Amino acid sequence: MGGGLLAVHAHPDDETLSTGGLLATWAAAGLPVTLVTCTRGEQGEVIGARLAALEGDGPALAAHRAQEVTAAVGALGVTDRLFLDEVAAGARFVDSGMVWDGVGRARAGAHVPDGAFVSVPVDEAAELLAGVLLSRRPAVVVTYEPHGGYGHPDHVQAHRVTMRAVELAEGRGLAAPCVLWAALDAEALRAGYLDCVLAASGVTTVTAPDPQGPLPSAAVPTAQIDLTVAVPAVLDRVVAALGCHRTQVQAVRLLDHGPGDPGALAVYALSDAVLQPLLAAESYRCAAGDRASVRWPQGVLVR
């Protein structure tokens, strides 16, 4: 099986933060890539004084973040992008919001807005996504693991919707795609946290994660990683895409590492101002389908 890649993400910026290397690698190989974003990130915290007025103004922030994701996918080389609610006239899926629950972990907030993505019945959203799958017929579908990578309720919902949509589409004639869940190699992540400690030294605007502290739900032992993507070959694309998400990403900084260094290629921070590593290899788990039948582009290593 050859063909395209379809990524399902909850908000603008997630495509770059979770799967930027994979999307850029696929696009660089001249293969079709589709990004489906489930909400416009209306509830996101806004970084920086220049854009601070957007925070709390859902429609304005949604419009701005739509521009950011358009620019980011352009930097990654992706040309086919849509919001999930654009599939059905009159539909509108809204960011459900979250609160930080420790470093790299999130949970639902006290208030869930009207039209929140988490309130949409899974089958209703999955029907829309199944239509996209049947029109694009990808060889590979990528989304979050069951806990949404770090607990965001919209990420968890995106996982559920994606898995159900694949099931629906296969029942209507779609050749079973290889389904990937974005993961983090726990050992590499802790090495990257050490780089964050060094990068944060003497800097008052950001802090570093505890290299021995808790890890997000996406982090798994190396033995559970089924596929990796070499980020150095597309690092310029990924860093450029990070820079497009100005309301969500700050303190992007390239690091100087030698070949084969297990640490981070760069660091960045989200609204919590805690540095995170951009690792040299993106990691994935194969949740369904036959990965051996996919013609993976150069830069993807299947274990």
Side-chain angles (χ1 to χ4, degrees), residues 3-16 18-19 23 32-44 57-74 76 78-98 108 111-144 146 148-149 152-177 179-182 287-288:
L5 167 72
L6 188 144
V8 183
H9 283 290
H11 318 97
D13 79 354
D14 293 326
E15 80 292 328
T16 303
S18 297
T19 59
L23 270 60
V33 184
T34 300
L35 170 66
V36 179
T37 309
C38 297
T39 81
R40 294 162 180 80
E42 293 89 343
Q43 299 294 315
D57 185 340
L61 183 55
H64 186 88
R65 293 191 70 181
Q67 294 175 353
E68 289 185 342
V69 71
T70 298
V73 297
L76 294 173
V78 176
T79 57
D80 184 23
R81 183 194 72 75
L82 68 153
F83 288 108
L84 182 58
D85 59 16
E86 292 175 333
V87 177
R92 185 75 174 192
F93 302 153
V94 177
D95 183 353
S96 305
M98 57 146 252
H111 171 69
V112 177
D114 293 339
F117 185 51
V118 293
S119 301
V120 179
V122 168
D123 273 12
E124 179 182 325
E127 283 285 352
L128 301 182
L129 183 57
V132 180
L133 290 169
L134 288 167
S135 68
R136 271 60 170 194
R137 298 192 171 271
V140 179
V141 174
V142 61
T143 191
Y144 315 101
H152 195 300
D154 281 336
H155 290 215
V156 175
Q157 179 78 335
H159 165 85
R160 293 171 179 156
V161 168
T162 302
M163 300 307 291
R164 178 58 174 152
V166 169
E167 181 181 18
L168 291 172
E170 288 179 0
R172 297 167 192 171
L174 178 70
V179 179
L180 300 179
W181 292 347

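Treat the numbers as computed from the prediction; the structure is a model and nothing was measured.
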Can you confirm whether [X] sits close enough to [Y] that some side-chain heavy atom of one is under 4.5 Å from a side-chain heavy atom of the other?
{"X": "P153", "Y": "M98", "answer": "yes"}
{"X": "V33", "Y": "L5", "answer": "yes"}
{"X": "L129", "Y": "T162", "answer": "yes"}
{"X": "P177", "Y": "V166", "answer": "yes"}
{"X": "R40", "Y": "D95", "answer": "no"}
{"X": "H155", "Y": "H11", "answer": "yes"}
{"X": "H64", "Y": "E68", "answer": "yes"}
{"X": "Q43", "Y": "P113", "answer": "yes"}

Using modelled atom types only, decide if a donor and an acceptor are shared between the side chain of [X] and the backbone of [Y] within a distance under 3.5 Å.
{"X": "T143", "Y": "V8", "value": "yes"}
{"X": "Y144", "Y": "H152", "value": "no"}
{"X": "E15", "Y": "T37", "value": "no"}

Test side-chain contact (heavy atoms from CB on, under 4.5 Å) applied to L128 and V87, V120, V36, the passing residue:
V87
Any pair with a residue in residues 111-125 that passes side-chain hydrogen bond (donor to acceptor under 3.5 Å, both in side chains), sequence neighbours left out, goes on the list, sorted by first then second residue, please.
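For residues 111-125, and leaving out neighbouring residues, the side-chain hydrogen bond (donor to acceptor under 3.5 Å, both in side chains) pairs sorted by first residue read D123-R164.
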What closest approach, in Å, do [X] and [Y] show between heavy atoms, and which atom pair accounts for it?
{"X": "L134", "Y": "A169", "value": "CD2-O, 3.7 Å"}
{"X": "A66", "Y": "R81", "value": "O-NH2, 4.3 Å"}
{"X": "A72", "Y": "T16", "value": "CB-OG1, 4.1 Å"}
{"X": "P146", "Y": "V156", "value": "O-CG1, 3.6 Å"}
{"X": "D154", "Y": "G97", "value": "OD2-N, 4.3 Å"}
{"X": "A126", "Y": "A165", "value": "O-CB, 3.5 Å"}

Listed by chain and number, what are the salt bridge (charged side-chain N to carboxylate O under 4.0 Å, His left out) partners of [X], not counting sequence neighbours?
{"X": "E127", "value": "R172"}
{"X": "R136", "value": "D80"}
{"X": "D13", "value": "R65"}
{"X": "D57", "value": "none"}

Trace of the side-chain hydrogen bond (donor to acceptor under 3.5 Å, both in side chains) decision for T19 with H9:
CA-CA 9 Å; T19 59; H9 283 290; 2.9 Å; yes
Restricting to pairs with a member in residues 116-139, which pass ring pair (Phe, Tyr, Trp, His ring centres under 6.0 Å), not counting sequence neighbours?
F93-F117
How long is the straight-line distance from OG1 of T39 back to CZ of R92, given to the nearest 0.5 Å?
9.5 Å
Going from CD on Q157 to OG on S96, what distance comes out if it is rounded to the nearest 0.5 angstrom?
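So the CD of Q157 and the OG of S96 are separated by 7.5 Å.
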